[in-house]
Amino acid sequence: MTQVFGTYAKTIRCFLRIRAIAIFTILLPIFLLLITSATFSKSVSASDLPLAKGVLTFAMVAFSVMMAGILNLAGSISRDRETGLLTKLKSMPIKPWRDFLGRLMGTTLLSLVAAVLIIAVGLAFGARFSGTITNDLEVIGFLLLAIISAAGIGLIIGSYTKLVMATFLTALAVSLVTAFISGIFIQYEVLPTFLQGFSRFYPISSATSSSVYLLLGQTAAGYDPITVVQVVATVLISVGLLAVGITIYSKQGWKRD
Amino acid sequence: MHSIYIKDLKKSYGNQKVLDGVDLVVEEGEFYALMGPNGSGKSTLSSIMASVTGFDSGTLEICGKKPEQARDVIAYIPQENFSVPQLSGRENLLYFARILGNRGANAKVLINRMLDKVGLTEDADKQFSRYSGGMKKRLELATALFPGVRVLILDEPTTGLDPAARRDFFALLTNIKHDQTSIFLITHLGTDAEAASRVGLIHKGKIVAEGTPAALRAQYAPEEAITIETPSLNSGCESILRGFSDGQKVARLQNGYRIYAHDGGHVLPEVVKALNQTGVTVNRTEVAKPTLEDVFFKLTEHPMQEAQVQ
């Protein structure tokens, strides 16, 4: 546990000291939330506005999770490779999964803090949610599934891309493209049928839709994601992505030359 | 028990042989320097010992164990810095302490002692990225002070350091070394290798000579080294110098030549006269004891430095 906690503390300190991380994970989603909320204020009726802002708030929470898990986690791996830290770690008595667990804990904390801040800004600017405490706990569960999915993708990108700039661009492209084609940035109803299928099985979008469904209702989510099949699929794909990510990170990221 | 035991170690990248049957033994508490030019395989050997790189065949044991089972007794300091730039010196050491299983108040006491030992107490809370090159190396050397470290592997640790920082580094290295800790230093600088109790010379993936610095000089370069600085770097000049050098060996430097003669002080005026007669200008001359670079050159007829071409 000492090794995991050491890596966690290092990860958090780096997150706090690299300004780009705060910008991409917290400030950019909040900025986009404010801009899109202002845009919708003119095109949506006053009665629908709190609902629309609620949907936008969760879209930005999902985007923030992607920035923390895909961009920052992948970036931290290739940054450590570029600075020579990974080489040093390979010569030390630490197993890759312990290093990963510390990084995941840091990423999870960053994602949760960002989510709280984005939701607070959303509420301050008119978003309204309704749900029981059970619903809130379920939403936290779905948020955690989104975080581990994003971390799995981040691990895969960080393991294969060598340079920080290449990692950054790849992770940003993956995040933005999947956010658009999975219905995180676009309403589920307007997606083509094949992308609706992708939206239901891409765990970050299905977890986000589940949260929206629980706190804002089916109209806002676009479909019912809280079916047994759908929830089991979201859980299995999230865990599967994480497992694939850890395996690739252990084999590829820590591969001996 | 040997600290490092290597027998017939081989490593290739594709068709390129990097290590071609290396045999090497380092005893407990010994300071061993492995010296060779770029591309001789020395850095590959150090990364294999640190279990960062695998090998094709042969035997390698660190304190009687396979390298991947000996990670807790090795402190590997690669050529490039490895500390986290965003963390302070203290935070970096705390991170490495935790990776090695040290925790709580004990780790903090240990780190304070380490910082004191490497002279970084005052700068302990400064970010690593703001350290000078010498301070960075000293902090990373501190990772060799964690309890349990028995083998310290240093890969070209003085690269990028000025002569004063280099001297400080070796003084510190000698100061922190425990009797049981073995040091394995990789270098292409004879001045760095002189600090070791035993030196191995590696060429094309093989150890070509081993011994104390004095013994290597006595065996392979007993003459004096005459350095002639001249702007005329051409075959005519080399051919004149060859006539004066023992074994006709002429090392071409960036700004002149080096030849070898038993009575350097006597030979030098004749060399200068011969060069002047053919119109060659001599800017500066020097007669000195041969360095370990000279030993390497005389053994392999291959220049140690990239700037030194025959």
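Below, read A as the first sequence line, B as the second, and so on, with proteins coming before strands; counting in each chain starts at 1.
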- [ ] Give, as side chain, backbone, both or neither, the part of B:Asn81 having an atom under 4.5 angstrom from any heavy atom of chain A.
- [x] backbone
Task: Closest-packed option against chain A by number of heavy-atom pairs under 4.5 Å, given B:Gln127, B:Arg98, B:Glu140, B:Gln69 - done: B:Arg98
TODO: Give a yes or no on whether the backbone of B:Glu156 and the side-chain of B:Thr187 come within a donor-acceptor separation of less than 3.5 Å.
DONE: no
- [ ] Against chain B, label A:Asp80 side chain, backbone, both or neither, depending on which of its atoms sit under 4.5 Å from a heavy atom there.
- [x] neither
Task: Greatest number of heavy atom pairs closer than 4.5 Å to chain B - which of A:Leu86, A:Val4, A:Leu89 - done: A:Leu89
Task: Per-residue contact mode, B:Val52 against chain A (heavy atom under 4.5 angstrom) - done: both
Open item on the list: I want to know whether A:Phe185 and A:Phe63 have ring centres closer than 6.0 Å.
Closed with: yes
TODO: Just give me the residue among A:Gln3, A:Lys88, A:Lys255, A:Arg79 that pairs up with chain B most often, heavy atom to heavy atom, under 4.5 Å.
DONE: A:Lys88
Open item on the list: Can you confirm whether more than 12 heavy atoms, excluding those of B:Arg103, are under 6.0 Å from its CZ atom?
Closed with: no
TODO: Take atom NZ of B:Lys66 as the centre, draw a 6.0 Å sphere, and report whether it contains more than 12 heavy atoms from other residues, nucleotides or ligands.
DONE: no
Task: A:Phe31, CZ atom: more than 12 neighbouring heavy atoms under 6.0 Å - done: no
Open item on the list: Between B:Thr44 and chain A, with a heavy-atom cut-off of 4.5 Å, which part of the residue counts as in contact: side chain, backbone, both or neither?
Closed with: neither
- [ ] Look only at the side chain of A:Ser211 and the backbone of A:Ala207, and say whether a donor-acceptor pair between them is shorter than 3.5 Å.
- [x] yes
Open item on the list: Do the side chains of B:Asp123 and B:Arg138 get close enough for a salt bridge, i.e. N-O under 4.0 angstrom?
Closed with: no
TODO: Taking the side chain as every heavy atom from C-beta outward, state whether B:Glu30 and B:Ser3 have any atom pair closer than 4.5 Å.
DONE: no
Task: Side chain / backbone / both / neither for B:Ser88 at chain A, heavy atoms under 4.5 Å - done: backbone
- [ ] Counting only heavy atoms closer than 4.5 Å, note whether B:Pro85 contacts chain A via side chain, backbone, both or neither.
- [x] side chain
- [ ] Pick one of side chain, backbone, both or neither for B:Asn92, based on which atoms fall under 4.5 Å of a heavy atom in chain A.
- [x] neither
TODO: Name the option with the most non-hydrogen atom pairs under 4.5 Å to chain B; the candidates are A:Ser91, A:Gly6, A:Gly84.
DONE: A:Ser91
